[in-house]
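This is a predicted model, so every value here is computed, not measured. We count residues from 1, following the sequence as given. All ligand and atom numbering here is 1-based and tracks the order in the structure.
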Amino acid sequence: METSSEHAQHDPVNTTNGAEQQVIVKNITENNDSTNTSTGITNPTSAISTPSISVDNSNNTSNITTDSTTTSTTTNDPSNNNTATTTTTTISTVNDNVASSSNVSASNVSNAENNAEKVVFEGKVITKQNRLIALTLRNESLMWNEKGFVSIILLSTVIGVTTMDKFFTVHVIARNKKNVRTKETASFKCQSVEQAKAWADAIHNVLNQGGKGPHGCRVVFVVNPFSGTKKALSMLASVRHLFDIAGMHITVIETDRAGHAREIGRDINLATVDRLVCVSGDGLFNELINGLLEREDWENAIKLPLGIIPAGSGNGIAASLGTPNAVSAALAIIKGHMRPVDILRTTQNGKSLYGFLSLTWAMISDVDIESDKLRWMGPARFSVGALKRIISLRKYKGKITFLPAPNLPEPHPECVSFANCARCKDDHVPIPAQVREDGKRVLPNYLYDVTQPPPAEWRVIDDEFVVFIATNVAWISTDFLASLHAHLSDGAVDLVLVRAKPELTRAKMVSLLLQTDDGKYINSPLVEHYKVKALYLEPGHHSNISEHKSTEGCIIAVDGERVPYTPVGLEVFRGLINMLSIE
Ligand code: ADP
Ligand code: MG
């Protein structure tokens with residue numbers, strides 16, 4: 001499914017706090033607050049307007065508010081001869097007798113210095129408005145003061161700098177007024193070619209501090225040309241120039257058959273790649289992970305930063321990482337910020353398969369797999385499939401045995417940002433491999449021998465079910481917030497169940513369905529939710545065919561791909577892989 005807009009809650013906000021006497025520079029944020037930034041924007045792009053300052057005078061709230069005045073000019077970007085929009089947001093205080101905008105600047109500088117944000121480079125340059133300004137580069141920002149107004153570009157949004165003659169152009173991926181990330185540019189003219197180069201070098205040096213930046217980084221893209229509505233290749237083409245600006249070396253491998261990505265994961269020479277990225281749906285990424293984990297050197301392989309540009313039907317992992325479209329995914333790939341993500345291991349008949357998204361059964365897997373023939377519809381196929389399944393509602397017999405995860409669940413809107421999610425960040429310890437008798441290093445085993453009764457701490461639910469989702473991520477597809485409580489690296493899956501109770505009418509099912517896009521359905525008394533470290537599912541037949549006691553046509557899926565309809569064990573390994581995400 002192609003996603004044209006970002007869910008606001010998908011994308012974390014970059015926040016710096018600081019305070020100084022009367023004027024408090026409360027937030028230097030990315031644009032997540034329309035009140036800060038939209039005033040007078042003729043073109044709602046915001047390379048520079050996106051990082052906005054909101055001013056809060058706690059001592060005298062009536063006197064200071066934020067007034068965001070924006071000048072927007074369409075200019076010729078001298079570095080690439082493309083027409084680009086340079087937008088400058090300037091921040092001023094409404095009441096000048098309390099604090100002028102230069103107070104804001106002074107406060108911010110002081111704040112920056114307090115945070116050891118020292119000046120790296122500074123000098124006079126000319127803006128597109130033909131104004132001579134003093135430009136200051138710090139570790140985290142590029143800042144200037146124009147006619148008394150402060151403008152800031154956060155370096156966390158800068159992907160690269162290009163030069164042409166006396167100009168240097170800063171390329172930014174930032175949120176626009178509609179909260180969608182887009183590429184913007186800001187160009188400055190210097191007094192000499194050398195000076196323009198010096199500025200570009202200085203900014204590049206900060207971007208590539210410690211050699212961790214994108215410059216020279218080797219990225220391998222694994223592209224499934226048949227993902228979703230077959231737009232993976234054009235999607236990659238649409239953002240390819242961003243990787244060029246960042247100075248990355250790109251290799252593209254197109255998959256030519258099912259199973260190809262698994263082979264790539266298994267065979268790729270780790271010494272030749274710095275970032276490995278799928279341009280696909282969740283299914284191809286599942287193959288790649290399985291390939292990496294079945295290698296002899298899997299412990300090294302999983303250190304590789306992994307990314308995804310969402311081009312598939314569901315795109316659950318991209319939505320859950322806060323990179324729901326190609327541009328936001330490109331920013332994550334370029335900036336190289338990594339966050340750990342839990343891995344699931346499912347075992348059926350002694351065979352293991354790894355996953356990162358979900359184990360689904362009953363209505364959810366039915367809809368996912370049965371609606372595959374409606375691919376041409378795009379994301380609507382899931383809703384159509386769900387309505388069909390509600391009309392001919394199936395009740396599945398089954399036994400679920402699970403090991404509850406130690407902590408109580410709590411909602412966590414910040415989980416898209418590893419830095420902001422205390423639950424994922426705290427006491428995060430990588431899983432130690434166990435050494436088998438034959439000397440092979442393997443992942444530990446959390447399951448028990450099913451021929452024995454379950455250990456005391458395991459719970460058993462033996463009943464009839466309509467919905468079964470064991471999800472590792474919040475969003476199992478772009479439109480389905482499966483669990484508001486899910487964390488990407490808490491070492492647990494969220495088990496969501498709907499039992500076939502008499503009060504579960506079709507109308508109530510439709511009502512639950514309508515609350516899946518904001519995840520609120522999980523609060524219904526008809527829905528049960530558990531945090532789970534490991535589980536067994538013993539699936540039975542469903543009501544429509546119960547008289548035959550057959551399970552023909554019944555479906556279990558791992559990461560949205562069909563697996564055999566037999567008992568399945570699931571274990572969670574905390575933060576086993578590292579995924580490229582927005583900081
Ligand atoms: P979607 O989200 O649309 O299902 P995926 O990228 O997840 O898209 O792909 C689904 C499956 O397509 C993968 O699991 C893989 O086995 C298969 N696949 C990959 N490359 C090809 C190809 N060239 N032709 C056919 N199938 C492929
Ligand atoms: Mg988890």
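- The aromatic ring centres of F573 and Y446 sit less than 6.0 Å apart.
- Side-chain atoms of N224 and S280 form no donor-acceptor pair, as typed in the model, at a separation below 3.5 Å.
- Closest heavy-atom approach to atom 7 (O) of ligand 1 among the candidates G316, S313, C278, G283: G283.
- In this structure, F480 has its ring center no closer than 6.0 Å to that of W475.
- With contacts defined as side-chain heavy-atom distances shorter than 4.5 Å, the pair V568/T347 does not qualify.
- For ligand 1, the atoms closer than 4.0 angstrom to any heavy atom of D256 are 22 (C), 23 (N).
- With a 4.0 Å cut-off on non-hydrogen atoms, T255 touches ligand 1 through its backbone as well as its side chain.
- The closest side-chain donor-acceptor pair between T272 and N269, if any, does not fall under 3.5 angstrom.
- Interface of D282 with ligand 1, defined as ligand atoms under 4.0 Å from a residue heavy atom, comprises 7 (O).
- Against a heavy-atom cut-off of under 4.0 Å, G281 is close to the following atoms of ligand 1: 2 (O), 5 (P), 6 (O), 7 (O), 8 (O).
- At under 3.5 Å, not a single nitrogen or oxygen of P225, backbone or side chain, sits near a nitrogen or oxygen of ligand 1.
- Residue contacts with ligand 1, taken as heavy atom pairs separated by less than 4.0 Å, involve E287 solely via side-chain atoms from C-beta onward.
- Distances below 4.0 Å separate heavy atoms of F226 from the following atoms of ligand 1: 22 (C), 23 (N), 24 (N).
- Of the listed options L288, N224, T229, I308, N224 places a heavy atom closest to atom 18 (N) of ligand 1.
- For N286, no heavy-atom contact with ligand 1 is shorter than 4.0 Å.
- Within the 4.5 Å cutoff, the side chain of M509 has heavy atoms near those of the V466 side chain.
- At least one heavy atom of E561 sits less than 4.0 Å from an atom of ligand 1.
- Between G228 and ligand 1, at least one pair of N/O atoms sits closer than 3.5 Å.
- The ring of F356 has its center closer than 6.0 angstrom to the ring center of F285.
- Those atoms of ligand 1 with a heavy atom of S227 less than 4.0 angstrom away are 3 (O), 5 (P), 6 (O), 8 (O).
- For the residue pair N325 and S328, a side-chain donor N or O sits within less than 3.5 Å of a side-chain acceptor on the partner.
- None of Y530, F402, W361, Y396 except one satisfies the ring pair (Phe, Tyr, Trp, His ring centres under 6.0 Å) rule with F468; the exception is W361.
- For ligand 1, the atoms closer than 4.0 angstrom to any heavy atom of S280 are 6 (O).
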